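Nothing here was measured: the structure is a model prediction, and the numbers come from that model.
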Amino acid sequence: MMPPGNTLSELAVGCSPLGVFPAARSLAETLSLPLLGTLRPRDVRDYPVLLFLDENGLGLQVTGKGAPGPVRAEFVTGKAGYRREHGGGTGQLIAKAVGLKKARQSLHVLDATAGLGQDAFVLASLGCRLTLFERSPVIHALLSDGLSRAALNEQSAPIVARMALQSGSSIDWLSQAGAGAADVIYLDPMFPHRDKSALVKKEMQVFRTVVGDDDDSPALLKAALAVATYRVVVKRPRKAKPVSGPEPTTRIEGKSSRYDIYSIKAFPAG
């Protein structure tokens, strides 16, 4: 994810009575955001969006009456927990896209646009070693919190131990890294949605207002192709155009999304 196109002037840090207030204060200082007293999100009027700490960790929370629940990086319960227990193994589309069926080794995958880390968690659960970059400081805070909570869970801890979260821009890192710094580079950039039906959930609308769109995706793809050893994989909406640049070598399509694969060289045999 990239820095939001808008400012963070409408965002503050809050804490519920069951949250850890010193942690909220530290987060506000780190992000240079206003810190509100202990309160409930529906009580806030001056800030439409909060980074809100409660007994379940850190969430991105809209405020006011009738607001939806918080957006979190969650790896223990919910979709990630279900997929961990009942996932399709290397038969999953993302596993095929990064080459887990072809590789005869544990892959180092660099997730250059980590977001809330869901795809990275799937790959880590399948044995990959992940380096994650998330340059939006707000989403980075959510992801860091989710990984910390998952590390305390007996089932999730071995998986998140294979996930190393970095801060800053992945483009900057890739421009300084030498060729072969990662086996596979995975990109899931945030693109403009022209179709309003793509933003049915209010939670995703809030997420987008904070994150913005990834307008420099062509530069990110170019940088990734110069560094990856075997391939670069770009996740896209199924009917969307590919990222500007070279044509993908092949594609794997699902019901709502697809994976554009840019092959660099074959995985070693045997």
Minimum-distance pair of heavy atoms, taken over all atoms of [X] and [Y]:
X	Y	result
Gln166	Phe133	CB-CE2, 3.5 Å
Ser170	Ala112	OG-O, 3.0 Å
Val160	Ala150	CG1-CB, 3.7 Å
Ser16	Phe52	N-CZ, 3.5 Å
Pro189	Val234	CD-CG1, 4.2 Å
Ala177	Val227	O-CG2, 4.0 Å

Can a donor-acceptor pair be found, under 3.5 Å and without considering hydrogens, that links the side chain of [X] to the backbone of [Y]?
X	Y	value
Asp216	Ala219	no
Arg236	Pro242	no
Arg149	Phe75	no
Glu74	Val76	yes
Arg129	Ala164	no
Ser144	His140	no
Arg231	Ile261	no
Ser263	Thr249	no
Ser125	Val122	yes
Thr113	Leu187	no

Intermediate values then yes/no, side chain to side chain contact (heavy atoms under 4.5 Å, CB included), Ile252 and Val233: CA-CA 10 Å; Ile252 296 178; Val233 178; over 6 Å; no
Grouping I, L, V, M, F, W and Y whenever their side-chain heavy atoms are under 4.5 Å apart, do Leu36 and Val20 come out in a common cluster? no
Examine Leu31 and Val71 and state if one hydrophobic cluster contains both, with Ile, Leu, Val, Met, Phe, Trp and Tyr joined whenever side-chain heavy atoms are less than 4.5 Å apart. yes
Give, for atom [atom1] of [X] and atom [atom2] of [Y], the distance between the pair rounded to the nearest 0.5 Å.
X	Y	atom1	atom2	answer
Leu107	Tyr230	CG	OH	8.0 Å
Leu27	Leu35	CG	CG	9.0 Å
Leu143	Leu132	CG	CG	6.0 Å
Leu33	Glu10	CG	CD	12.5 Å

Does Arg72 come within less than 4.0 Å of Asp54, counting only side-chain N to carboxylate O?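 Yes.
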Thr229 and Ile264: CA distance, side-chain angles, deciding distance, side chain to side chain contact (heavy atoms under 4.5 Å, CB included) verdict: CA-CA 7 Å; Thr229 299; Ile264 297 171; over 6 Å; no
Once side-chain contact (heavy atoms from CB on, under 4.5 Å) is applied, do any residues pair with Ala182, and if so which ones, sequence neighbours excluded? His108, Leu110, Ile185
Would you mind listing every salt bridge (charged side-chain N to carboxylate O under 4.0 Å, His left out) that reaches into residues 258-268, with sequence neighbours excluded?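 For residues 258-268, and leaving out neighbouring residues, the salt bridge (charged side-chain N to carboxylate O under 4.0 Å, His left out) pairs sorted by first residue read Arg251-Asp260, Arg258-Asp260.
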Side chain to side chain contact (heavy atoms under 4.5 Å, CB included) for Thr131 and Trp173? Distances and angles first, verdict last. CA-CA 11 Å; Thr131 299; Trp173 188 90; 5.8 Å; no
Do [X] and [Y] come close enough that some side-chain heavy atom pair is under 4.5 Å?
X	Y	value
Ile171	Leu174	no
Pro237	Lys239	no
Ile94	Tyr186	yes
Thr63	Tyr47	no

Tell me whether Glu55 at atom CD has more than 12 heavy atoms from other residues, nucleotides or ligands lying less than 6.0 Å away.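 Counting neighbours around CD of Glu55, more than 12 heavy atoms of other residues, nucleotides or ligands fall under 6.0 Å, so yes.
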